[in-house]
Chemist: 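One structure, pasted below without further comment.
A, B, ... follow the sequence lines: proteins, then strands. Residue 1 opens every chain. Any value given below was found using the heavy atoms of this structure, including those in side chains, with hydrogens, waters and symmetry copies removed.
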Amino acid sequence: MSTIATITTSFLPPFNGYAVLVAPALLILVAFFSLFADKLHVPDRAAAVVAAVVAAVGACWMALGADNVILFGYQLVYTGDARFAATAILVLACAWFVWTAAAGTGRTREATALAALSVSGAVLAVAALDLIVMLLALELTSMPAYVLIGYRRYRIQGLEGALKYFLLSVLTSLFMIYGASMLFGLAGSTHFAELRALTQSPLSLLAFVLLIIGLFAKLSAAPFHWWAPDAYAGSEPWTVSFAATVPKFAGILVIVRLIQLVSTGFSLAQSLLLIGAVASMVVGTFAALTQSDTRRLLAYSGVVNVGYILLVVAASAGPDGATYSTIALVSSVVYALAYTAATMGVLLVASGEGGRLSDLAGLSKRRPAAAWCLALFVLSLIGVPPLAGFFGKLELFMTAWAAGQQVFVVIATVVTVVSAFYYMRLIKAAFFDEPERQVAASEDSAEDTADVAPDVAADSAAPETPTPAPTSRVGVGVALGILLAVTLLLGVLSGPIITWLT
Amino acid sequence: MLLTIIIALPLLGVLISALLPHRAESGAKWVALLVTGADFVLAAWQLVQRGITGTTGMQLETSLSWIPQLSVHYHIGVDGLSLPLLVLSTLLCFLAVLASWKITVKPRFYFAMLCLLSLGLNGVFTALDLVLFYVFWEVVLVPMYFLISQWGGERRQYASIKFFLYTFFGSVFMLVAIVALYLYTGSFDLTQLRDLIAQTAALKGAGIGSIQWWLFGAFFLGFAVKVPIWPLHTWLPDAHVEAPTAGSVLLAGIMLKMGTYGFLRISVPLLPQGFSGWQLILGILAVISIVYGAVVAFAQKDVKKLVAYSSVSHMGFAMLGIAAGTAEGFNAAMAVNISHGLCTGMLFLLVGMVYERTHTRQIKDLSGIAAQMPVYAGIFCFASFASMGLPLLSGFVGEFLTMVGSWKSPALPGIITVIAGLGILCGGAYMLWLMQRMIFGNPTPAVEGQPDITLREILCVVPLAALVLVIGLSWNTLLQFTDPFAAALVKILGA
């Protein structure tokens, strides 16, 4: 017995650290399991069930695991903020997998595999402190998302959106790699800590501009946002709910970290970020006002919300940015979670109905509980207390104001008011509009068949699973319940959460 | 602890009525009645106790750390300003439940929303932490939005979204001001902020353009929309007309008071120098509200809209009292708050009763009520007289003190008081004209054969009528609570 104990203790220190990676490693295993689920003769949704369990275990593992884990010579650092972000991503993923297991239609196992890969990338990306690790993890996060957007390959619109997303994203990835290589050339290192010594010079600024362009596109911040509405609207709400949240969460953390660790004192970089923030807020808001499609509306709302976060990113890039680095990180992570949880929630509710606003009509009569969840998610997006979105916004605006961006905070405030108008349209649709047809769900399937590309229609892609498993109401309830718990508790428990994050 | 119970009881009501099984959905109203009734008893008990012992200052305080990193606390308490409003709020919520007894469309949802509204209102009047205050302030918005949009009249969607956006617009600017105050002082605590602000060098400097002036302006947007002050009032007639009876009662009776309460609790005591730069602007806007509300009320054909515009006029008196910056003025504002809540609550309840019977609110279709429903007509006349501000009724207290306060105020020119006096005259005129057209005359077909007021309906208005009489006969029942607060406020302004 004692020998085992000695062996364990002597073995523990290194093991303890690397144990953090159990979560992403298991998710990669899940991805393989999902891909080969055919050979195992298990039901289609079994993969999603396994993935949900793994994500839940991973979230607990991440939340309760050792603090301040430093791996591979500071390339991956799991301190409080990274662990919180990784936990949050796993919780979001868990909700998505549960929903897929409960109500996914068509083949879900490949979607599960793709999502699992993306999540494992995101869990690594949030902890990356090295340019190469960061770029690789970010690619691992976003590449599966392209495929998810075009997941129903017999839908032309989906393919169009996926192609747009893919081409722009690959192009901007090249920008990022180009910028990163310049930084390496200047500093002789890819590690953030050594990049911090860089001073403002034309070349380092160019490198930053390239990196910022790449990240803006990944986050769909204006003026690189235009792929998002088309990509989302072409896809199903179900896949959008993943592609619009998890990769974005990882991207937000990466941009906050990168800018704050590297560009402190780069006044031009700060101006660029502020321009991006204002452009995103204004363009996103006015474009969102007229949308009649839930997915498009949320795509533009995503643009606006990234704009808010860019405000604090800019705050930490200023001359005295170091003062705000902690609070900027905290507020953007909290807000990112509040925003992504609510967005995923709205889209998962819409997944059962259809992608258009009119598909939500009569929801409060058909599924009152889902309608109430939708209302709470939307109110959180608006920023009504005591929901998560309010506390997120409060912390964001406080950081930006403290950093001397009072004018921008006022702009963000006005934008928030206008945003209430288009968000309320979701509530209006769900609670007040009468459904045009008896069964709104049939519309989506009608849309499916109408949009089938002629050359793939014969490919028998659509009728692959003739009898879809019945929707499990309990499962849908659990998925929405997870997101609702985040939305309700994130703000109220701000105290302990900030302690954890710092 | 007691205050926490008063705030949390409605939450229990929300949960129970929302989770009732479908078969037992008619039980929701009993849940709501019980919860709001218990709330009223607890609050009224506290008021009576304070009245007897004569204690002043902040009472029943509870302070728990909520978000320590941002020094946000769960800090609640009541004083002479908030306790009467808390009692009014719990009473009106109770009566609103009673007045909604015949709601059969989605009763669980409806009564859950009423309870949630009650929670928000109780919270607003007890919160002593700015973040907590803001949380409750916004919590009020959501149930009212649903009450108007789900159980409202024909144009309910337009009215409800307009209400939501208007008030949300105001309150986000208030939030900006709260954030700014925190960043200057490092505190959200209303009991400490006054001293901290006085010590902060950056916040010194009076007059137009100073930081205090701007912060006051941001709070002004939040509060003025709620009061509402001309020209930010346009949401009010729409919301009132479309809201169900209980919604109108709570909207006019207590939600408008959140605005004046905000001025008295936050803007004026925390930013006295900013206030001095705003006094004249507030006074002018208040007097415009008084006259505008009264004149527009004349032209209304819909009785509910008439009462709505009269609210704009009456709340103008409260604002004029605040703008005066004198002890009489502050007392007047608090008295108008309570009295207007009682009178307008009564009027909206009475209008709701006649609408339930005749399904019309057009004044021309409602003449001759006195012949058909004599008891109702009597109570309606009483409520109208109270609203006019007849001596010996509660409306007079506020209007009289406003006149005295604004006349004595060094910041306001005398002409403002004179114009406000004309507003009182208009107020008498349109209410008398309304009574003449609606109550007297020959019964119209709509009124013909309608049953008189029922016992339940009488129970709805009697408590309000009794309080109107008590306050009108003995001003001190109310002023003993408000006067110490007003005196303290004047002292702050003088410092």
Chemist: Is the gap between the ring centers of B:Y134 and A:F390 under 6.0 Å?
Modeler: yes
Chemist: Check A:T499 against B:Q69 and note the closest heavy-atom contact, atom names and distance.
Modeler: OG1-NE2, 2.6 Å
Chemist: Can you find a pair of side-chain heavy atoms, one from A:L394 and one from B:Y182, that are under 4.5 Å apart?
Modeler: no
Chemist: Looking only at heavy atoms, what is the nearest atom pair of A:T416 and B:F168, with distance?
Modeler: O-CE2, 3.7 Å
Chemist: What part of B:A18 gets closer than 4.5 Å to chain A, counting heavy atoms only: side chain, backbone, both or neither?
Modeler: neither
Chemist: Set out, in order, the CA-CA distance, both residues' side-chain angles and the distance that settles side chain to side chain contact (heavy atoms under 4.5 Å, CB included) for A:T413 and B:L175, then state yes or no.
Modeler: CA-CA 9 Å; A:T413 310; B:L175 182 65; over 6 Å; no
Chemist: Ignoring hydrogens, what is the shortest heavy-atom contact between A:A420 and B:L165? Give both atom names and the distance.
Modeler: CB-CD2, 3.7 Å
Chemist: Given heavy-atom pairs under 4.5 angstrom as the criterion, report whether the side chain, backbone, both or neither of B:Q157 touches chain A.
Modeler: side chain
Chemist: Is there side-chain contact between B:V139 and A:P385, with heavy atoms separated by less than 4.5 Å?
Modeler: no
Chemist: Would you find a donor on one side and an acceptor on the other, under 3.5 Å apart, between the side chain of B:W66 and the backbone of A:V492?
Modeler: yes
Chemist: Taking the side chain as every heavy atom from C-beta outward, state whether B:S149 and A:F431 have any atom pair closer than 4.5 Å.
Modeler: no
Chemist: Do B:L70 and A:E395 have side-chain heavy atoms sitting under 4.5 Å apart?
Modeler: yes
Chemist: Could you tell me whether the side chain of A:V384 reaches within less than 4.5 Å of the side chain of B:F164, counting heavy atoms only?
Modeler: yes
Chemist: Are the aromatic ring centres of B:F146 and A:W372 under 6.0 angstrom apart?
Modeler: yes
Chemist: Below 4.5 Å, heavy-atom pairs only: which of B:F136, B:W137, B:Y145 has the largest tally toward chain A?
Modeler: B:Y145
Chemist: Determine whether A:I498 and B:I67 make a side-chain contact, defined as any pair of heavy atoms from C-beta on separated by less than 4.5 Å.
Modeler: yes
Chemist: I need the A:K428 NZ to B:I161 CD1 distance, nearest 0.5 Å.
Modeler: 8.5 Å
Chemist: Are B:R156 and A:F432 side-chain neighbours, meaning at least one heavy-atom pair lies under 4.5 Å?
Modeler: no
Chemist: Please state whether the side chain, the backbone, both or neither of B:V72 comes within less than 4.5 Å of a heavy atom of chain A.
Modeler: neither
Chemist: What distance do B:L141 atom CG and A:I382 atom CD1 have between them, rounded to the nearest 0.5 Å?
Modeler: 9.0 Å
Chemist: In this structure, are over 12 heavy atoms from other groups packed under 6.0 Å from A:W500 atom CH2?
Modeler: yes
